[in-house]
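One structure is given below, encoded as structure tokens.
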Amino acid sequence: MADELVHYAVDAGVATITLDSPHNRNALSAQLRRELLAALAAAQEDHAVRVVVLDHTGPVFCAGMDLKEARGAGAGDQGVNEFPQILERIWTSPKPVVAKLAGPARAGGVGMVAAADIAVAVTDATFAFTEVRIGVIPAVISVTVLPRLTPRDAHELFLTGDTFSAERAARIGLINSAVPAEQLDDEVGRFVTSLSLGGPKALAATKELLRSEKAPSMAVAFQQMIETSARFFASEEGQEGITAFAQKRRPNWVPES
């Protein structure tokens, strides 16, 4: 039996869900997706849980989809078909969700950060929507990311795939704060304490109110994006980009210098 990739623990009303797959930078493999969904469900169903914290081991929060699994897979077998369930679980959780980043997030990992109610990162964490650089598109994560960003920032960052800092992520609304590493635990703890003071039913109702303002048709939006995203992952261009990434070379569409 494979080792557990997601750990779940509850202490004093706080459910901590820890991604523990550092060998692939906590990429969203089939096993990790399955275990993460189960942990989110457990937290949401436990009446003793008041706040959920998404944590991680290793230097990277989450590198996005597992490209090794995506390579050679058809559109119907791409992990992006299942990923919306994770984003929707986080976004619609009646318990507030806090993302704690001690390192970078990429692609789908940024989608989870955006889906969380509160997100805190260390100042040297970086972010990027790298999809276009491997010939795919940030379709599924756009459902949670676009409500957070200004249109101008979204256009730049989605189209270029450029890396940006935690300070900019805070400035454009992707995260709440960027702090030195030694202050990360205290900053997360500050938010958790504040969230714990709210009435559980009031918090759930307030989250529903906020969702109605941000994404009134999330299920519809995800359904539209799933097909598009999976098609690009399985396309000739997407497979070339994924292969080039694995081989540490430029994909064939990059002009010769």
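The first residue of the sequence shown is numbered 1, and numbering continues consecutively from there. Here the structure is a predicted model, which means the values were calculated and not measured. Computed over heavy atoms, backbone and side chain alike; hydrogens, waters and symmetry mates excluded.
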Would you call Arg250 and Glu240 a salt bridge, using N to O less than 4.0 angstrom?
no
Less than 4.0 angstrom from a charged side-chain N to a carboxylate O is my criterion; do Arg148 and Asp153 meet it?
no
More than 12 heavy atoms from other groups under 6.0 Å of [atom1] on [X]:
{"X": "Phe245", "atom1": "CZ", "answer": "no"}
{"X": "His155", "atom1": "NE2", "answer": "no"}
{"X": "Arg249", "atom1": "CZ", "answer": "yes"}
{"X": "Glu182", "atom1": "CD", "answer": "yes"}

Using modelled atom types and a 3.5 Å cut-off, is there a donor and acceptor pairing between side-chain atoms of [X] and backbone atoms of [Y]?
{"X": "Gln31", "Y": "Asp3", "result": "yes"}
{"X": "Arg133", "Y": "Pro251", "result": "no"}
{"X": "Lys207", "Y": "Ala202", "result": "no"}
{"X": "Ser142", "Y": "Ala139", "result": "yes"}

Can you tell me if Arg106 and Thr126 form a side-chain donor-acceptor pair at under 3.5 Å?
yes
Do [X] and [Y] touch side chain to side chain, with heavy atoms closer than 4.5 Å?
{"X": "Leu5", "Y": "Asp20", "value": "no"}
{"X": "Asp117", "Y": "Phe191", "value": "no"}
{"X": "Phe129", "Y": "Val110", "value": "yes"}
{"X": "Lys95", "Y": "Leu203", "value": "no"}
{"X": "Leu19", "Y": "Asp55", "value": "no"}

Within this structure, what is the CG-OG distance for the pair Leu36 and Ser21, rounded to the nearest 0.5 Å?
12.0 Å
Where do Glu167 and Thr123 land on the side chain to side chain donor-acceptor pair (under 3.5 Å) test, with the steps shown first?
CA-CA 7 Å; Glu167 286 88 348; Thr123 51; 4.9 Å; no
Residue from Thr144, Val97, Leu28, Ile141 passing side-chain contact (heavy atoms from CB on, under 4.5 Å) with Met112
Leu28
